[in-house]
2 protein chains.
Amino acid sequence: MDKRRAARIDQVLNAAADCFVEFGFHGAGMAKIAKRASMSVGHIYHYFENKEAIIAAIVDRESELAAERFAEFEEVPRDELVHVMTERVDEMVDSKADAFQSVLNLEILAESQRNPQIACIMRQHDEEVRELFRSMLKDKLNLPDAEARTELLLSLFGGLASRIIRHPELDRHTLIPLIKQVMHLALEPCDKDDKRKSE
Amino acid sequence: MDKRRAARIDQVLNAAADCFVEFGFHGAGMAKIAKRASMSVGHIYHYFENKEAIIAAIVDRESELAAERFAEFEEVPRDELVHVMTERVDEMVDSKADAFQSVLNLEILAESQRNPQIACIMRQHDEEVRELFRSMLKDKLNLPDAEARTELLLSLFGGLASRIIRHPELDRHTLIPLIKQVMHLALEPCDKDDKRKSE
DNA sequence: AGCAATAGATAGAACGTTCATTCTAACGTT
DNA sequence: AACGTTAGAATGAACGTTCTATCTATTGCT
């Protein structure tokens, strides 16, 4: 039976994600993970070589999930793309306010700076997302500098998550229109009338 | 002698910051911190009640430093402000690429989600920075929605740091002009001609 | 069908290490 | 001699990991 094994692994990963959010990668012990997974400590080692492997699996799973969320936009026809993307800003902000996701992402980001294996997994997924965005902007919207526009948008969305942690009471109703303005700037070819500004 | 004491404390904080960047708040042990501070483990406890206090001191110091960096703009006269701010984007991006600062900030951000004391320190400093920005935009530039514009800029800058970790090879030469465009959008009262977009 | 053998699932104790913290004894300066 | 300063051993708890034992279910042979 292979289903059972997969289910158990998922059980461990869910428990681990919980603990990692609550205590951090290094603050969460195997004992806590085991207890939350309703499993013995030793048994976890039948599914994962060590704690690092659990962290790596979590990073992989979480990054894949994030990538899938972006992939939705690929199905949108080109003349609706800008409209759909700007319309989804509200739920985007809401999702960034989800502490679970945000903290896990921060933990991953910090860990990637000291663990090359994590960095590798993370960058692979980021490249995926980046290429998806880039090709959308270039092929669907015929935009120049698609790479830079992608980086701008990803910076903004990524920053939103940290911002909400720093200032949870922030007034979304006045911020969201501003974000939409930036998105229009990034999603429409208004490059030329701007070179006047760059001194 | 009070100078000596202050110097020793700084010695511990510097060593601790180093270790926290390299191993994380919970991955760094007192033994490592002591060794890097050229000090005995036990002696650190004469300056700090416990490890948490060291973390708190680091968070405080680092947040204050970040706030001071922003405070420079307060001295700039109002008719040069937009110019100066957009001109400093390049060094801003460079500073965000400094792994030391970025990782420490991520660690702080993640820790603030699970340690209320850290969250408190961090939010106090963020409020300081936010108010500084807000009053600058409102009083010096006479901008409406100064709060929202502040949040947008802080999101963007904060996101830039995470973005560079995710994609260090990112092409800054094409991204920076885009960032400057966003800054002009956020620093100039072009609110009206945009309501057309918000459906 | 019925027994033997095997493989995987599971729990929990045991290991050596490292952790944060405390304690004690020695040091250097006055 | 006294006092603040320092080093490092001592402590017990917690860590990640390994080991062993028991249990369950499937497979192969007759």
Side-chain angles (χ1 to χ4, degrees), chain A residues 1-60 104 107-108 110-111 114-118, chain B residues 1-60 104 107-108 110-111 114-118:
Chain A
M1 184 77 68
D2 210 29
K3 282 280 156 124
R4 183 164 187 80
R5 185 181 167 82
R8 287 275 169 220
I9 289 179
D10 238 52
Q11 204 174 331
V12 175
L13 288 182
N14 290 334
D18 265 14
C19 290
F20 290 155
V21 167
E22 196 168 347
F23 308 104
F25 284 147
H26 299 291
M30 293 298 283
K32 273 172 195 153
I33 296 174
K35 176 165 272 184
R36 195 158 311 193
S38 308
M39 198 179 291
S40 76
V41 175
H43 188 45
I44 292 182
Y45 283 84
H46 280 146
Y47 299 119
F48 296 94
E49 202 189 339
N50 49 34
K51 197 181 164 186
E52 279 248 313
I54 300 179
I55 296 177
I58 290 277
V59 172
D60 200 53
L104 207 44
E107 202 75 34
I108 290 172
E111 186 65 14
R114 53 182 95 105
N115 185 334
Q117 195 200 341
I118 300 302
Chain B
M1 186 76 67
D2 209 29
K3 281 280 157 135
R4 183 163 189 78
R5 184 181 169 82
R8 288 276 170 218
I9 288 179
D10 238 53
Q11 204 173 332
V12 175
L13 288 182
N14 290 335
D18 265 14
C19 290
F20 290 155
V21 167
E22 197 168 345
F23 309 104
F25 284 148
H26 299 291
M30 293 298 283
K32 273 171 195 155
I33 296 174
K35 176 166 271 184
R36 197 160 308 195
S38 308
M39 197 178 291
S40 77
V41 175
H43 187 47
I44 293 181
Y45 284 85
H46 283 183
Y47 298 120
F48 295 95
E49 201 190 338
N50 49 34
K51 199 181 164 186
E52 279 248 313
I54 300 178
I55 297 178
I58 291 275
V59 172
D60 201 54
L104 207 44
E107 203 76 35
I108 291 171
E111 187 65 14
R114 53 183 94 104
N115 186 333
Q117 195 199 342
I118 302 301

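So that the names make sense, note that chain A is the first sequence line, chain B the second, and so on, each numbered from 1.
Phosphate proximity of D:dT6 to B:Arg8: present, with a side-chain N or O under 4.0 Å from OP1 or OP2.
Taking every heavy atom of both residues into account, B:Leu13 and B:Ala57 meet most closely at CD2-CB, 3.7 Å.
Counting any heavy atom pair closer than 4.0 Å across all strands shown, B:Gly42 reaches a base atom. At a threshold of 4.0 angstrom between heavy atoms, the contacts of B:Tyr47 are confined to the sugar-phosphate backbone, with no base atom among them. Using a 4.0 Å heavy-atom cutoff across all strands shown, A:Ala28 reaches sugar-phosphate atoms only and no base atom.
Comparing C:dT10, D:dT17, C:dC19 against the side chain of B:Lys32 picks out C:dC19 as the nearest. Relative to the side chain of A:Ser40, the nucleotides C:dA11, D:dC15, C:dT21 differ in distance, and C:dA11 lies closest. When distances run from any side-chain atom of B:Met30 to the nucleotides C:dT21, D:dT6, D:dA7, the shortest one goes to C:dT21. Nearest to the side chain of B:Met39, among D:dA7, C:dT21, D:dT17, sits D:dA7. In this structure, the nucleotide among C:dT21, C:dC19, D:dC15 sitting nearest to the side chain of B:Ala31 is C:dC19.
Atom CG in A:Asn50 sits about 17 Å away from atom P in D:dC15, given to the nearest Å. C:dC19 atom P lies 14 Å from atom CD1 of B:Ile54, rounded to whole Å. A:Lys51 places its NZ atom 15 Å from the P atom of D:dA14, with the value rounded to the nearest Å. Rounded to a whole Å, the NE2 atom of B:His43 is 17 Å from the P atom of C:dC23. The separation between B:His26 atom NE2 and D:dG16 atom C1' is 17 Å, rounded to whole Å. If you take OH of B:Tyr45 and P of D:dT11, they are 17 Å apart, rounded to a whole angstrom. Atom NE2 in A:His46 sits roughly 13 Å away from atom C1' in D:dT22 (whole-Å rounding). At whole-Å resolution of the value, CD1 in B:Ile33 and C1' in C:dT18 are 14 Å apart.
With contacts defined as side-chain heavy-atom distances shorter than 4.5 Å, the pair B:Phe20/B:Glu111 does not qualify. Looking at A:Asp18 and A:Asn14, their side chains never come closer than 4.5 Å, going by heavy atoms from C-beta outward.
In this structure, the side chain of A:Glu107 does not engage the main chain of A:Gly24 through any donor-acceptor pair within 3.5 Å. Side chain of A:Lys51 to main chain of A:Gly29: no donor-acceptor pair is present (N/O by atom type, distance under 3.5 Å, no hydrogens or angles).
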